[in-house]
Every structure is written in structure tokens, then in C-alpha cells.
Amino acid sequence: MLVYEKNSLAEEIEELVKTYGNERPSLLPILEAIQSKYNYISDFAQQEIAQHLAIHPVEVYSVISFYSFLHAEPKGRNIVRLCQTISCDLAGKSKVAEAIQKELGIRFGETTRDRRITLEYTNCLGMCDCGPAMIVNDAVYTHLDPQRAIKILSEIK
Amino acid sequence: MEKAKRNGLVLFTDYQQGSAVKKAVTLTRDDILFELREAKLKGRGGAGFPTSTKWMLTAAAIADKKYIVCNADEGEPGTFKDRVLLLEYPELVFEGMVIAGYTIGAEYGFVYLRGEYNYMLKSLNDYLAMMRKENLLGKDIAGKKGFNFDIEIKLGAGAYVCGEETALIESLEGNRGEPRNRPPYPVNRGYLGYPTIVNNVETLASVPHIINKGGEWYCTNGTDKSTGSKLFSVSGDCEKPGVYELPWGTTINELLDLVGAKDTKAVQVGGASGVCLNQEQFGRKLAYEDAGTGGSIMIFNSKRSMIKVLKNFMEFFVEESCGQCTPCRIGNRKLLEGVEMIEKGTFTFGYINSLKELAKTMQIASKCGLGQSSPNSFLSILENFDDEIFHSKGNGVSHVN
Ligand SMILES: Cc1cc2nc3c(=O)[nH]c(=O)nc-3n(C[C@H](O)[C@H](O)[C@H](O)COP(=O)(O)O)c2cc1C
Ligand code: SF4
Ligand code: FES
């Protein structure tokens, strides 16, 4: 990481600590904010956060490793998560999954070479009455079919 | 379905915003607890614990601070009723929390919103801001001197187990969402060690109507042991999936008719951690005393392979187990391996029987409800669909899915 990038990340974390406070319950909101902006929480960010909250960096890592939406390794600019649970499966998830993999040229768990998209499976999204469903970053898409899914993915930057 | 087209008995009826809070502050704590007890309201999160008892214990606890937590982690496969309540009826959920705060003497409440529902965050925060303007949150609420209460929404980050109330509290405190040993229960030692009520979205949303119309009125729907109405999240093979408000005691057959389900072979009641019923059991009632449920109903028609359904559930539990205790961490893996053996035809009946014993051990020996209930679908599917799985040609593998 470049020095000026580090400085700006350090400043950002300082701001987040001001907003959420430096007590332990602030840890998750701070991690979520960094995750949502950078799509991962770097070693450097983990150390900065640990220092502000006066906990060991391993504590921070241990929390990140527990939650499936928090990542310690870099991801693509967009995270696409397709629901793999049964109601979406009955509604035709497999066809959508195949089409997406073919179109992006990657498998689930992988990131496109241009780092545009990381593709993941996730469990029930609470959209079971209108599956197949997926979330792209925070936005939810329902009633997917192969064409619609591909169109949605082609429109994200 | 749009809100205007929903019709129901309690929750999906007209409600004047703020009316229950305004009425509640004219009542005493004991009056409110009395109405809840009359209503025999039980927790809608799945476990069915009497709400008045939970509130009474927290009200009676002596502490500087107390908290209300609304459990909006809704992660059980096939459940989405809390999504509808939060999006379309936030007044009921939030006012239920305010009334809980008044009743137990808490000044602060959290909504633990699952990370997947992040897209609702803005509209919910806007709604809270509106309530502050209307004096339904903040200081001296509804003109009641000294009654202060506010609500904050906290986001989860993609962990099903955080719906378990002690894991949820761990998560709120900034830790890994690993369930705690109970006792102590949250009513005595919850968030940061203070007495805490954890209630499901739907439980809280029922409270304003009970305050307005009374416990006795509430009991006019449902059965003697399961009073009032229940929201059912219906998905799978049917013409009209969606959220339905029905009286407790409705039979599975009645529900199947209502949602346009034809050629139904199996109904999974209660999500992945619930049980799977076959046609012979469709006369059973949806009620705490019969087929109890947090409201997930998944329908499978005759073309579905039940072993594939079971595999999907077991994969879910292997992924979502927090890994803290052995029966659940290893047990769910073993059950999944067994399902894969059945799928491939490489099993022996002796081994499957030993897995059934393991499943029963998990129900007793697991630390929290996840490991205690994850064997339910394994046991019920193998038992209720024994013919299809073990005796039809190809062990059911030939079915499409
Ligand atoms: C693994 C697991 C997941 C749970 N998920 C939820 C959930 O998403 N929402 C919920 O209200 N209760 C959930 N519960 C039940 C809660 O632990 C708790 O019983 C409930 O929130 C109490 O509220 P109630 O009395 O209003 O039902 C879950 C329990 C377990 C064991
Ligand atoms: S039963 Fe499973 S989820 Fe619950 S504490 Fe044990 S390992 Fe964790
Ligand atoms: S099964 Fe996919 S959203 Fe519930």
C-alpha cells in the first residue's frame, strides 16, 4: 500500500471511531463500514482499528473470520452473492448459476481478472417467495432467469 | 403482494400510527403485563416462550440499565415474514419496542438487522427519524414525563447463528457470534451484562394491537394453547407463494389449498431446522401444540427428490455451524456425508442407523438450538420418505430437481 493511501485509510478509521466510539461494541459497525467501501479489511486497517479500540489485532481478525460478509483478503469491486438455499433451488437457481459462470468465465468463490466481480454463493436471503434471488453489493434482485441475471451483471461497473 | 391487498386478522389490519404507544403510557406496567398474559402471546421466533413471562422477569430484575432487542436476523431458510413487517409495517415493530421499553423500564433498544437486509436500512432509519419528530421516540414520549426511549439499528454480517439470542448479544457486543451457555438467560444478564429482552419482529409487532384491543380480543383467534394469528412464509411448489396471516390451528391441507399447491408430496414446516411432513400428515394443525413453527412453509411436489432437499439442508448447517461444540461441528458433517452416500448408493443400512443415533445425540448434546434442531430434517425426511429414498429404483436419484 502506498504511503498516502495508508494515511487516508488511517484518517478514515479515525473518523469512524469518532462516529461509532472506541468501545468494543463499535468494532462490528467500523468493520462493516470499511468492508462496504473497500470490499475487504486489510492487515493495515485491522491494526489501526485494533489500536483505537485497545484490543489485539488478532481479536479483530478473529471477528472478521467469523462473519461471512467480512473479508481479510482483497475481493473484486463488486460482490455478487447468489442464494443457494432450497426454495431458490426449486425456482431454477442452477440454470442461473451456470449462465453466470459461463458469462463471467469464473466459478463460485473466484474473482474476474479485471477485478470487476467476485462471485459467491450465500444462504437464504429472505426472498424465497420470489426466487431465484441474488444480492449485488447491497442491492437485491429477484425472479432471476439466466438472461436477466446476465443483463444485471453486465450493467455493474 | 402489495400491502393494500393483504388481509389478515391482527397484524394485517388497519392501525393508527402511534395509537398504542399513546394508550400504553396511560396504563401501568402491571396493566400491560396483564393484557399480554391474557393474550397468551408466545414468541414468534420459533421457541414459543410466553412473552409476558419474559417481560415480567426483565421488569422485575434490578439493574441501572435494561435493553430491548428486536431480533431481525431472519435467517431460517424459507422465512421472510419479518421482511414484510419491517418494510410495510415498521410502526408495529418499533412501537412494540417502545411499549416494551415502557413496561420494563428500558431507555434503549436495538434492532439487529441481518446484513442481507441492508437495503432496508435507510427507510427504517427515516422512519425512526419521523417517530422522533412525532414524539414517539426520544424524551417524554407521548407526553409521559420521564419516559425516554430510543432505538438504534445494528447490522449483522451474514451469520445465521447470530439469530440465536445469546449469539446475537455477543455480536452486538462486537464479538464473534458464538452462543453462550444458558443460564444466565438474557432476561438476567444480556447486553453488556444488563437485563435484556430479545424478541422476534413478529412478536413485537403483535403488541400494539393487543394494547389497543385487549388480550381477550386477541384470544378470539387461534386455539386454546396457540392464541391469535401467525404469519406464514410460503415458498416452493405453489401458485401463490408469499406471506399469509392465518389463525393458529389452520391445517396443512387448508394452507395448501389457499396457496394453490397441487400435486404436493412433502411440506417442510419450520425451515431447515424444522420437520418434513408427508401426505399422511397434511391433516395436522399448525400450532405450538402440534406442528409448531416460526412460520416457514416450503412445499415440494411429486417430482422433487427428497434426498436432494435433505442434502441442501445439511449443507446449510455444515456452513452455518459456529464450530464451538463438537456434536454440531462434526455431527452435521457426518450427517451430510451420510446423505451423499445415500445419493450415490454407497451406504449400508447399519451405518444409516448409526447416523440416526448420532442425530439423536446431537439433539441432546449440542450447545445451542442450531445443533439441537439441525438433525430434525435428517430424521424426518429419512423416516417419512423411507420408500422413496431407500426402496424405489435408483434410491430417488432419478428424480429431477
Ligand atoms: C440458530 C438459531 C437461529 C435463530 N434465528 C432467529 C431469528 O432469525 N429470528 C428470531 O426471532 N429468532 C431466532 N432464533 C430464536 C432466538 O434464539 C430467540 O428464541 C427469539 O429471538 C426470542 O424471541 P421470541 O420469544 O419473540 O420468539 C434462533 C434460534 C437459533 C437457535
Ligand atoms: S450447536 Fe452448533 S451453532 Fe450452536 S454453539 Fe454448538 S457448534 Fe455453535
Ligand atoms: S431460499 Fe433463496 S432467498 Fe430464501
Worksheet item: Is there a donor-acceptor pair under 3.5 Å between the side chain of D150(B) and the backbone N or O of Y108(B)?
Response: no
Discussion item. At a heavy-atom distance under 4.5 Å, which candidate from V140(A), L125(A), L27(A) has the highest pair count against chain B?
Written reply: L125(A)
Item to complete: Between chain A and each of N301(B), L172(B), N175(B), count heavy-atom pairs under 4.5 Å; write down the option with the most.
Response: N175(B)
Discussion item. Taking side chain as everything from C-beta outward and backbone as N, CA, C, O, which of these in V234(B) sits under 4.5 Å from a heavy atom of chain A? Side chain, backbone, both or neither.
Written reply: backbone
Fill in: Enclosure of E319(B) CD (heavy-atom neighbours >12, cutoff 6.0 Å)
yes
Worksheet item: What is the minimum heavy-atom distance between S302(B) and D263(B), and which atoms define it?
Response: OG-OD2, 2.8 Å
Worksheet entry | Winner by heavy-atom pair count (cut-off under 4.5 Å) against chain A, out of R114(B), E74(B), K154(B) | R114(B)
Discussion item. Less than 3.5 Å apart, any donor N or O on the side chain of S321(B) or N332(B) sitting next to an acceptor on the other?
Written reply: no
Practice prompt. Let me know if S171(B) has heavy atoms under 4.5 Å from chain A in its side chain, its backbone, both or neither.
Written response: both
Discussion item. Any carboxylate oxygen within less than 4.0 angstrom of a Lys/Arg side-chain nitrogen, looking at E98(A) and K95(A)?
Written reply: no
Response to the item:
In this structure, CG of N118(B) is separated from CD1 of I135(A) (nearest 0.5 Å) by 8.5 Å
Worksheet item: Looking at E178(B), R176(B), E173(B), E116(B), which one has more heavy-atom pairs under 4.5 Å with chain A than the rest?
Response: R176(B)
Item to complete: Look at G75(B), G156(B), G177(B), S296(B) and state which one has the largest set of heavy-atom pairs under 4.5 Å with chain A.
Response: G177(B)
Item to complete: Check each atom of E59(A) against the heavy atoms of chain B and say whether the ones under 4.5 Å are side chain, backbone, both or neither.
Response: neither
Item to complete: Measure C238(B) against the heavy atoms of chain A and call it side chain, backbone, both or neither at under 4.5 Å.
Response: neither
Discussion item. Students often mix this up, so state it plainly: with edges at 30° and 60°, are the rings of Y67(B) and Y191(B) parallel, tilted or perpendicular?
Written reply: perpendicular
Item to complete: Tell me, for V63(A) versus chain B, whether the close heavy atoms (under 4.5 Å) come from the side chain, the backbone, both or neither.
Response: both
Worksheet item: With chain A, which of P77(B), G174(B), G78(B) has the greatest number of heavy-atom pairs at distances under 4.5 Å?
Response: G174(B)
Worksheet item: With respect to chain A, which residue among Y160(B), Y117(B), F313(B) yields the maximal number of heavy-atom pairs within a distance under 4.5 Å?
Response: Y117(B)
Fill in: Which portion of I299(B) sits near chain A, non-hydrogen atoms under 4.5 angstrom
backbone
Worksheet item: Which heavy atom of E202(B) sits nearest a heavy atom of D82(B), and at what distance?
Response: N-OD1, 3.9 Å
Worksheet item: Is the NZ or CZ atom of R81(A) both under 6.0 Å from the centre of the six-membered ring of F69(A) and within 45° of that ring's axis?
Response: yes
